[in-house]
2 protein chains.
Amino acid sequence: MEDLLSNLKIVVNEGLFQIEPSTSKIGKKIVLNSVDMIAELGFEKFTFKKLGEVIGSPEASIYRYFKSKNQLLSYLVSWYWAWMEYQLVFETKNIVSPNIRLEKSIALVLSNTTDNFSVEGIDLKKLHQIIISESIKSYLTKDVDIANKEGAFQNYKQFVERISKIIIEINPDYKYPQMLLTTIIEGAHLQVFFGEHLPRLTNRQKSASYITKFYTNLVQQSIKAK
Amino acid sequence: MEDLLSNLKIVVNEGLFQIEPSTSKIGKKIVLNSVDMIAELGFEKFTFKKLGEVIGSPEASIYRYFKSKNQLLSYLVSWYWAWMEYQLVFETKNIVSPNIRLEKSIALVLSNTTDNFSVEGIDLKKLHQIIISESIKSYLTKDVDIANKEGAFQNYKQFVERISKIIIEINPDYKYPQMLLTTIIEGAHLQVFFGEHLPRLTNRQKSASYITKFYTNLVQQSIKAK
DNA sequence: TGCATTATAATAGTATTACTATTATATTTG
DNA sequence: CAAATATAATAGTAATACTATTATAATGCA
């Protein structure tokens, strides 16, 4: 697995961990192995005990880094959006036309990595699987307001905000940029899941890019419309 | 609370329970009180033990009716879609124009009950809250394929299929009716949640109908487009 | 009506989970 | 090199999800 960006570090909000995991061997192991394990077991069946067995440390040690399973999930999700924002900035740099910038942004949002790449040792393909099936669980809880105050969703908000600004550049009268973006982001995740497990709830096509095409069209129509 | 439809019974798939809850007093209590409790506590903090305390029966008795917490959630979600389908059929009956039928269907999907009504004693407002915050958790699990084989999502599929057919009547060339519908259904749920808890991820307006307007537009644009 | 059959519910458990208080072991600093 | 501090392991607890077994109630039929 090729490691991208070996000289840069993705930074997430302080409220997303107890001890910054990259500061110790055990911390790094927690993050890397939790990605593999959550992708494989799903969030419900993933436990700190099982993770402890894999990394060779007791559960209690993991709690020093993350106060709960949910905080760890939020950390991974935020890490994903921080990495996405980095790519967004990189991909749209020096491009004058907001239309082309938006096009590239949407392509990034809807892209489905099939190659095996890693950043800081994190398997990007597996992380993307987690985003598709589990990320929504990090905010659909009764503790969402507390987590939100701790900054758990800042990276996601920031990412959405950045693309929203491009939309506003293109059409200053458009009233729903955030709404449109979260609709296509969460929608695209869901359609991938439906395509695999509940095909009657989507319209899977032979070509793998049907989801991208569908949502790209949706954005273009929506923004153009008065 | 006014009870609608006192002479009809919503029927859901057999795979969604161990014993049909309406056949006994305890079964009915389970369903009614679980709606109240899941709405209040959220799915994670809701337990069969707590439910048992409320209905005055031990947990073990509840397992006779539902083999797991997830099966109970799936039951409630399916009940919701069965009820929605009934309304759909009722609302669109004898209307010749597919455009008007679609309009009414979409309005139903996006409607946000504010009044206190019940059907079979189930509080429709609370059930709607559950649909918004919890329903997605019934299929975003690693056991989705097993549950699907047991018919857990049939009512949802059937509901989506029914509106899909109206879309195809209007535009036989449209390739993504299911995709469009699940996008707006799940999208609308999420936007309600965001509006309440993560407003920076949506574009909340003074008027309560902004979500409906947004998604109604989305559907109309999408179907018209070649 | 009475007794056997069957359906239903309660008791009493288990293994696992999420999490914590406390103790032990490294690592760093003066 | 000893004291201070950071880090990790041990040994727990209360609660959770679920099951096997026993008790009770309802029903069928002679």
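Predicted model, so just to flag it, every value in this text is computed and none were measured.
Dashed line: the shortest gap from a side-chain N or O of B:S57 to OP1 or OP2 of C:dA10 is under 4.0 Å. Regarding contacts with the backbone of C:dA21, every side-chain N or O of A:Y63 stays at 4.0 angstrom or more from both OP1 and OP2. Contact annotation: B:S61 reaches the phosphate of C:dA10 (side-chain N/O to OP1 or OP2, under 4.0 Å).
Within the 4.5 Å cutoff, side-chain heavy atoms of B:N148 are placed close to those of B:K157. A:R64 is not listed as a side-chain neighbour of A:Q18, based on a closest heavy-atom distance of 4.5 Å or more. The shortest distance between side-chain heavy atoms of A:R200 and B:Y156 does not fall below 4.5 Å. Annotation: side chain of B:I19 is not in contact with side chain of B:S24 (no heavy-atom distance under 4.5 Å). Counting heavy atoms from C-beta outward, B:K142 and A:L41 have side chains that stay 4.5 Å or more apart.
Pairing each heavy atom of A:S74 with each of A:L16, the nearest pair is CB-CD2, 3.6 Å. Taking every heavy atom of both residues into account, B:K69 and B:F43 meet most closely at NZ-O, 2.9 Å.
Atom CD1 in B:I26 sits about 13 Å away from atom P in D:dA26, given to the nearest Å. C:dA21 atom P lies 15 Å from atom NZ of A:K67, rounded to whole Å. Put simply, CG on B:L72 is 12 Å from P on D:dA17, counting in whole angstrom units. Between the CD1 atom of B:I62 and the P atom of D:dT16 there is a distance of 13 Å, given to the nearest Å. The CG-C1' distance, from B:L51 to D:dA15, rounds to 16 Å in whole Å. If you measure from atom NZ of A:K50 to atom P of C:dA15, you get 16 Å, rounded to the nearest angstrom. The interatomic distance linking B:R64 (CZ) with C:dT8 (P) rounds to 6 Å, in whole Å. A:Q18 has its CD atom 12 Å from the C1' atom of C:dC19, to the nearest Å.
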(request) Can you check each nucleotide of nucleotides 22-29 of chain C against protein heavy atoms at under 4.0 Å and return B for base, S for sugar-phosphate only, - for none, in 5' to 3' order? (result) --------
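Using cut-offs of 30° and 60° on the angle between ring planes, the pair A:F153 and A:Y139 is perpendicular. In this pair, B:H197 and B:F193 present their aromatic rings tilted. The plane angle is within the 30 to 60° band.
DNA chain C is contacted by both A:A60 and A:K49; A:K49 maps to the nucleotide lying nearer its 5′ end (nearest heavy atom per residue). Nearest-nucleotide mapping onto DNA chain D: of B:E44 and A:I19, the residue sitting toward the 5' end is A:I19.
In DNA chain C, runs of at least 3 stacked Watson-Crick or G-U pairs (N1-N3 plus N6-O4 or O6-N4, or N1-O2 plus O6-N3, all under 3.5 Å) give these stems: C:1-30 with D:1-30.
Closest contact between the side chain of A:Y65 and the listed nucleotides D:dT16, C:dT17, D:dA8 involves D:dA8. Nearest nucleotide to the side chain of A:T47, out of C:dA18, D:dA17, C:dT11: C:dA18.
Counting non-hydrogen atoms under 4.0 angstrom, A:F66 reaches nothing in the nucleic acid. Note on A:K69: only backbone sugar-phosphate atoms sit closer than 4.0 angstrom, heavy atoms only; bases stay farther off.
Between B:F66 and B:F48, the ring centre distance reaches or exceeds 6.0 Å.
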